[in-house]
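Shown next, in C-alpha cells, is the structure this report addresses.
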Number of protein chains: 4
Amino acid sequence: MPQHSHDTQIDESQPQPLTKDPSCRRRSQRCHQAILSATIELLEEKGYSGVSVEAIAARAGVGKQTIYRWWTCKAGVIMEAYADYAAKSVPMPETGSVKEDLRQILHQLSTILTTTSTGAALAGLIAEAQANPEMADVFREKFVASRRAMTRTILERGIERGELRPDFNMDVAIDVTYGPVWYRLLIKHAPLDETFVEELVTMLMVWMQVQ
Amino acid sequence: MPQHSHDTQIDESQPQPLTKDPSCRRRSQRCHQAILSATIELLEEKGYSGVSVEAIAARAGVGKQTIYRWWTCKAGVIMEAYADYAAKSVPMPETGSVKEDLRQILHQLSTILTTTSTGAALAGLIAEAQANPEMADVFREKFVASRRAMTRTILERGIERGELRPDFNMDVAIDVTYGPVWYRLLIKHAPLDETFVEELVTMLMVWMQVQ
Amino acid sequence: MPQHSHDTQIDESQPQPLTKDPSCRRRSQRCHQAILSATIELLEEKGYSGVSVEAIAARAGVGKQTIYRWWTCKAGVIMEAYADYAAKSVPMPETGSVKEDLRQILHQLSTILTTTSTGAALAGLIAEAQANPEMADVFREKFVASRRAMTRTILERGIERGELRPDFNMDVAIDVTYGPVWYRLLIKHAPLDETFVEELVTMLMVWMQVQ
Amino acid sequence: MPQHSHDTQIDESQPQPLTKDPSCRRRSQRCHQAILSATIELLEEKGYSGVSVEAIAARAGVGKQTIYRWWTCKAGVIMEAYADYAAKSVPMPETGSVKEDLRQILHQLSTILTTTSTGAALAGLIAEAQANPEMADVFREKFVASRRAMTRTILERGIERGELRPDFNMDVAIDVTYGPVWYRLLIKHAPLDETFVEELVTMLMVWMQVQ
DNA sequence: AACTAACCGAGACGGTACGTCTCGTCTTCGC
DNA sequence: GCGAAGACGAGACGTACCGTCTCGGTTAGTT
C-alpha cells in the first residue's frame, strides 16, 4: 500500500461537504485523532445509534465545538473515522485473472465488513444517507465510487484480454457484484462469508465469460 | 360494520414484536387507520426522518399514548403502514416461464419502490433496523421473507420443469436477484428502472439456465 | 354521638358541587364504600399526591367511570372519605366552662390531624382548593363551617354566662383559635401537641375573659 | 452591566436545595430573569396550577432544559420568583413599641399577600410542600423562618424593655401571630384586611402585656 | 519576547422529540 | 342494563441530543 503513508493528505486535500475548512491552517493532530478514535470506540460499543456528538466529545476529552469546527455532523465524523478501512485500503489486485481479482476484492470487502465495526458503521451511514441527499453524495464518492471504478477497470481489462465477452452491461455487472454483499450486510438473513463470496464470483464469471 | 372482522383479521392475525398486545381485545378502527394514513402522508411529505410520533399523533388527531399503546416505536407504525404494499401486494406469478416470473416480480418491486413512498419507507426501516435487532427480525419476516420464499418456489419449479439446472446455490441466487435492487434503492448511484430489471433478469437466466 | 348513625343521609342529602346526582337514585353501597376505603388506604400509604383516580379505581376493584359518575374529581372523593373524621365527629362539648370546651375541641382536632391520615388529607385538600374556588367553597362548608359555628356557640354561651367579656371580635377569636392549629399542621415547624393546645387555650382565655 | 454583580449576589448567595449547582459558574442573567418574570406573569394570569414548566419556558423564550438545569422542579422556580417579596422585603421595624412593630409587620405581610400574586403563589407552595418534605424544608427556611426570627427579636426586646411579661410561650406567641393570617389566606372565609390585622395585634398585646 | 489570532475545553443556550404519566370522557363487552 | 375494564384526546412531565453560542485559558506563528 504505497499510498497509505500520505493518509492525512488524502483525507483533507479534497474538499468534502461534510467536513469544513479544507485549508486547515491549524488543527490539533491530537484532538483530531482522539475524536476519530473515540468515534470508532463508541461505534463498536454501542452501535451506530449509540454514537452521539456529545458522547464523542466526552470520550475524546474535547469540546463539542471542536467537532463542529471540522465536521458538519455526526455522519461526517463517522465517515472520516472509517475512511481508511473502506476506501483507501483497497489495493488494486493484479493477478491477471478477472475471477481472482474479483475474489480478492470481495473477500477483502466482506472481511472488513464482518470482522470490524465497519459493517455497522456503513450500514448506519447508508441509513443516514436516506434522509440526507448531501450525505448520500459524499457516501457514494467516498465508499462506493472507488470500488466501482476499480472493478470497472478490472472488467475492462478482462474484456481487452478476451477473458470476458464485451457485450454485457458494465454498470449492472458491478451492481451484481456489490449488491448482494450489501444486501447480506444490511438484511442479515444469511452470513456474509467465504462461501457466499465464492458462489457470487462463480456466478458472475459464468455470466460474463465468453461462452 | 361489516368490514370490522375483515380488518381485524388482516391487521392482527400475525403476532408482531413491534406491536403490543396481540390479543388486542378492543381498539378503535378509526384511530388505527387514521394513524397509518397520517404516517404515510407524513412520510411522503417529509421523508422517513421527518416522521415523528408527535407529528403522526397530531396529524391523525390522536393522543400520543394511543400510538404507544399499540406500537413500541415509530418504526413499528411505519412497518405496519407499509405492510400492505410490501407484503400483501405480491401476487405469485404463474407464467410458466422462470424468466417471465422473475421479470414480473422485479418489475412490480421496482415500480413500488420508485413510484410510491415505499422506497423511502423501506430504506428508512433498513436504516433503523441496523440499530435494533428486534426490528431487523420483524423487517426480514415482514418485507423480505415472503418475497424470498416466493422466488424460491419459482426457481424450484423451474428446476422441476428442467428449465433451470439444479446445481446452483439457491440462496445466493435469491440474493443476486434482490441484492442489486436494494443496492440501487439505497445507494442511488443509478436508476432502478425497467432496463436495469431486464438486464438483471437476463443475467440471472444466463447463470441458472441449463447450458 | 347521636347523629352518627345517619351518616349516609347527611353526606348525600345536601347538594354538593363536587359530587353528582344528589337524588342518588341507584348507587351500589358496596362500591361506594369500597371507593372511600381505597381512598383512605392510598392516602395513608402514599400521601395526598400519591392518590390518583386510577389508583383508587384499581384498589377498589371498580371502573374509573364509577368514580366519575358520582364525583367530579379526586378531591371530591377525598373530601367525602374524610368527611366523617373532620366534620361529623365533632361532639358539641357541654362542660359549662368555655376554657374546657375549647380545650376539648382543640384536643380532639389536633389528635385527629396528627394520629390519622386526616391531617395529610386536609393539607392536600387545602392545597387543591387554592387552585379551584369551587372546591374551596365545599371545603369551607364541609370542614371549616361546622367547627366555626360550634365555636361561635360556645363563645356566645360564655358571654351569656358572663364568663367572657362581650366586646371582642368573634370572627377574629375563632381565627385565633383555629389559625395556629392549621399553621402548625401545614408548615410543620413545630409539633401540634397537647402542650401547644394548652398554651393556645390559655392565651385565648386571657384575652377573652373579663379582666 | 452595573447590575450584574448585584443580581448575582442576591440570587446565588444562599444555597438552595431546590436549585442546582450553587457554584454556578456561568449562567445567563438574561434568561434567569426571563424565567422568573415569566413565572410571575403566568402565576398572575392563571394561578398556581396554571403554571407549567413548559409554559414558563415558552413565555420566557427559553428551552425547557435551561429551567431544569438550574431548578429541580416547578416549585423551586416559583419559590425563587417570589423570594424577593417574601424574604427581602421584610424591614425590621424599630418603632420602640412592640404593638407598633407587630402592626407594621402584619400590615406589610397582609398587603403583599392580598394585593400581589404572592398570596396565590405561597398558598400553592404550601400545598406543594404537603407532598414534598424537601420542599417543605426550603419553604420554611425561605418564607417562614426569617419572619419568625424577626418577630422573636421584637418580642424579646419587648420583654427586656419590660413592655411584655417574660413568662409567655414565645413559639406559641409567634404561631398566634402568623397562624390566623395564613388561615385567612388559605381558607378565604373572611378578608385579610386592615381591621383583621388591628384586632389580631390588639389581642396579642392583651395577652402578652404586663397585666 | 511579546503580541495576537485561533484553537481549545467546557458547557449554557433555544429547540425538537422522545416515551411516560395522569386527567376526565367515551366505548365495549361480560355478567 | 349495569358496571369492570380500559381505550381515547389532551397535554405536562423530565430526559436526551441537536447544532449554536459564549467563556476564559492555552498555543503557535508572526513581528
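Within every chain, numbering begins at 1; the chains are lettered A, B, ... in the order of the sequence lines, protein sequences first and strands thereafter.
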Open item on the list: Whole angstroms only, please: what is the CE-P distance between A/M135 and F/dC18?
Closed with: 14 Å

Open item on the list: Using whole Å, what does the distance between atom P of nucleotide E/dC18 and atom CH2 of B/W71 come to?
Closed with: 15 Å

Open item on the list: If you go through the side-chain atoms of C/K64, does one of them form a donor-acceptor pair with the base of F/dG6 closer than 3.5 Å?
Closed with: no

- [ ] Please determine, for the side chain of D/K74, which listed nucleotide (F/dC8, F/dC13, E/dC13) has the closest atom?
- [x] F/dC13

Open item on the list: Which residues in residues 47-60 of chain B have a heavy atom closer than 4.0 Å to any atom of DNA chain F?
Closed with: none

TODO: Write down the distance between CD1 (D/I67) and C1' (F/dT15), rounded to a whole number of angstrom.
DONE: 14 Å

Open item on the list: What is the separation between atom CZ on B/R69 and atom C1' on E/dC23, rounded to the nearest whole Å?
Closed with: 13 Å

Task: Whichever of A/C73 and C/G61 has its nearest DNA chain F nucleotide further upstream toward 5' - done: C/G61

With a cut-off of 3.5 Å and sequence neighbours excluded, list every side-chain donor-acceptor pair involving residues 34-43 of chain B.
{"from": "B/S37", "atom 1": "OG", "to": "B/Q33", "atom 2": "O", "distance (Å)": "2.9"}
{"from": "B/T39", "atom 1": "OG1", "to": "B/I35", "atom 2": "O", "distance (Å)": "2.7"}
{"from": "B/E41", "atom 1": "OE1", "to": "B/R59", "atom 2": "NH1", "distance (Å)": "2.7"}

Open item on the list: Taking 4.0 Å as the cut-off, does a side-chain nitrogen or oxygen of A/W70 come that near to OP1 or OP2 on E/dA6?
Closed with: no

Open item on the list: What is the distance, to the nearest angstrom, from the NE2 atom on A/H32 to the C1' atom on E/dC8?
Closed with: 15 Å

Open item on the list: Nearest whole Å is fine: how far is F/dA28 P from A/Q29 CD?
Closed with: 12 Å

Task: Backbone of C/G124 reached by a side-chain donor or acceptor of C/E128 within 3.5 Å - done: no

- [ ] Check whether any side-chain N or O of D/S28 sits under 3.5 Å from a backbone N or O of D/C31 as a donor-acceptor pair, and report yes or no.
- [x] yes

Task: Options F/dC8, F/dC21, E/dC13, nucleotide nearest the side-chain atoms of D/R30 - done: E/dC13

- [ ] Could you verify whether a donor N or O on one side chain and an acceptor N or O on the other, from C/Y48 and C/S117, lie under 3.5 Å apart?
- [x] no

Open item on the list: Is the phosphate of E/dG9 approached by A/T66 (side-chain N or O, under 4.0 Å from OP1 or OP2)?
Closed with: yes

Open item on the list: Any heavy-atom pair between the side chains of D/W70 and D/H32 that's under 4.5 Å?
Closed with: no

Open item on the list: I need the A/K74 NZ to A/S49 OG distance, nearest 0.5 Å.
Closed with: 7.0 Å

- [ ] State which of F/dT20, E/dC23, E/dC13 makes the closest approach to the side chain of C/Y68.
- [x] E/dC23

- [ ] Measure the OG-NZ distance between C/S52 and C/K46 for me, rounded to the nearest 0.5 Å.
- [x] 8.0 Å

TODO: Decide yes or no, distance alone: a donor-acceptor N/O pair under 3.5 angstrom between the base of E/dC26 and the side-chain of C/Q65.
DONE: yes

Task: Atom pair distance, as rounded to whole Å: NZ in B/K46 and C1' in E/dA17 - done: 13 Å

